Asks: 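This structure is in structure tokens; I'll ask about it shortly.
Nothing here was measured: the structure is a model prediction, and the numbers come from that model.
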2 protein chains.
Amino acid sequence: MQRPFVHPAVEDVTLESVLYALADPTRLEIVKTLATGGCALNCSKAAPADLPKSTQSHHFQVLREAGLIRSERRGTEVVNSLRCAELDKRFPGVIASILKASDKSKKR
Amino acid sequence: MQRPFVHPAVEDVTLESVLYALADPTRLEIVKTLATGGCALNCSKAAPADLPKSTQSHHFQVLREAGLIRSERRGTEVVNSLRCAELDKRFPGVIASILKASDKSKKR
DNA sequence: TTCAGTAGTTCAAGATTATCGAACTATTGA
DNA sequence: TCAATAGTTCGATAATCTTGAACTACTGAA
């Protein structure tokens with residue numbers, strides 16, 4: 001049996017950790033993919049394909065511990081999903097406005 | 001004459017740099033102070049008093065280059081103000097929702 | 001049940017970035 | 001002209017990120 005994932009309770013999620021998690025371009029990309037992808041995706045599909053696995057793993061850990069995503073093991077894979085509803089209740093509009101803005105910000 | 005401050009044009013501001021700037025607790029604090037302080041404040045008043053000056057200076061530079069604040073020299077001081085309106089036009093709701101959420105997120 | 005393959009994790013080290021004291025610059029007011 | 005004030009720059013140490021290599025867990029053959 002593998003060590004289970006720990007997810008913070010919504011009320012323990014801090015704005016700071018959320019912003020920190022989203023401030024990294026790779027992680028923002030992952031979150032965008034999860035948001036548009038409809039629902040749950042496994043790690044390899046949600047992360048840029050060229051990113052080393054160890055780095056991917058690290059980013060998913062940051063996102064998970066920040067409270068942005070929920071991860072569940074499905075056999076050998078890990079399926080991730082955005083905690084949209086919960087987060088919007090805690091920080092109304094934050095994630096939504098960021099996701100909306102992220103489409104616009106394609107330069108550089 | 002001192003080197004003038006460079007501020008990015010609104011359209012050059014990236015969401016990523018904005019989130020990066022706000023992800024730091026000290027900088028978020030500064031932005032909150034500028035937001036609630038009504039209008040312009042000089043550096044020493046907008047930053048936590050116990051923070052070393054060199055670190056303050058660095059944080060203001062990050063905020064400025066991210067496009068979050070506008071800095072102007074007034075004699076020996078530097079007066080900073082939030083670029084609220086411009087930013088809200090570029091990334092609607094982002095700054096506002098973050099500022100609103102930041103009051104809630106007092107734990108830890 | 002053993003074994004190969006797949007998906008992800010952990011570890012350690014090199015690369016990057018942040019912090020902060022010390023020295024410096026610009027401006028003001030005596 | 002000079003001292004005081006407000007910030008900036010520089011350099012070194014500290015903290016963090018990235019990544020290859022080795023490892024673990026699960027699955028589906030054979």
Asks: For Ser97(B), which residues count as a side-chain contact (heavy atoms from CB on, under 4.5 Å) partner, sequence neighbours excluded?
Replies: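 By the side-chain contact (heavy atoms from CB on, under 4.5 Å) rule, Ser97(B) matches Val94(A), Ser97(A).
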Asks: I'd like to check the side-chain contact (heavy atoms from CB on, under 4.5 Å) partners of Ala23(B); sequence neighbours left out, ordered by chain and number.
Replies: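 With neighbours one apart ignored, the set is Leu19(A), Tyr20(A), Ala23(A).
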Asks: Roughly how many Å is it from CD in Glu77(B) to C1' in dT8(D), rounded to a whole number?
Replies: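 It is 15 Å, rounded to the nearest whole Å.
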Asks: Picking from dG7(D), dG20(D), dT9(C), which would you name as closest to the side chain of Val78(B)?
Replies: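 The listed nucleotide nearest to Val78(B)'s side chain is dG7(D).
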Asks: So which protein nitrogen or oxygen atoms get under 3.5 Å of nucleotides 10-12 of chain C's nitrogens or oxygens?
Replies:
unit_1	atom_1	unit_2	atom_2	d
dT10(C)	OP1	Arg3(A)	NH1	3.3

Asks: Exactly one of Leu28(B), Thr26(B), Leu22(B) should register a side chain to side chain contact (heavy atoms under 4.5 Å, CB included) with Asp24(B). Which one does?
Replies: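 Single side chain to side chain contact (heavy atoms under 4.5 Å, CB included) partner of Asp24(B) among Leu28(B), Thr26(B), Leu22(B): Thr26(B).
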Asks: Within this structure, what is the CZ-to-P distance between Arg74(B) and dG7(D), rounded to whole angstrom?
Replies: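 Roughly 13 Å, once rounded to whole Å.
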Asks: Measure from the side chain of Thr76(A), starting at C-beta and using heavy atoms only, and say which of dT19(C), dG20(D), dA7(C) lies closest.
Replies: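 The closest nucleotide is dA7(C).
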Asks: The criterion is side-chain contact (heavy atoms from CB on, under 4.5 Å); which residues satisfy it with Pro52(A), sequence neighbours excluded?
Replies: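 By the side-chain contact (heavy atoms from CB on, under 4.5 Å) rule, Pro52(A) matches Ser54(A), Thr55(A).
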Asks: Taking CZ from Phe60(A) and C1' from dG8(C), how many angstroms apart are they, rounded to a whole number?
Replies: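 After rounding, the gap between these two atoms is 10 Å.
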Asks: Tell me the interatomic distance from Arg73(B), atom CZ, to dT28(C), atom P, rounded to whole angstroms.
Replies: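 The distance from CZ of Arg73(B) to P of dT28(C) comes to 12 Å, rounded to the nearest Å.
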Asks: For the pair made of CZ in Phe5(B) and C1' in dT25(C), what is the distance, rounded to whole Å?
Replies: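 Checked: the CZ to C1' distance equals 13 Å.
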Asks: Whole-Å distance between dA6(D) P and His59(B) NE2?
Replies: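 Value for this atom pair: 20 Å.
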Asks: Please state how far atom CD in Gln56(A) lies from atom P in dT19(D), giving the value in whole angstrom units.
Replies: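 Gln56(A) atom CD is separated from dT19(D) atom P by 11 Å.
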Asks: Applying side-chain hydrogen bond (donor to acceptor under 3.5 Å, both in side chains), name anything that partners His59(A), two or more places apart in sequence or on another chain.
Replies: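 Residues passing side-chain hydrogen bond (donor to acceptor under 3.5 Å, both in side chains) with His59(A): Arg27(A).
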Asks: State which residues pass side-chain hydrogen bond (donor to acceptor under 3.5 Å, both in side chains) with Glu72(B); sequence neighbours excluded, sorted by chain then number.
Replies: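 Here no residue qualifies.
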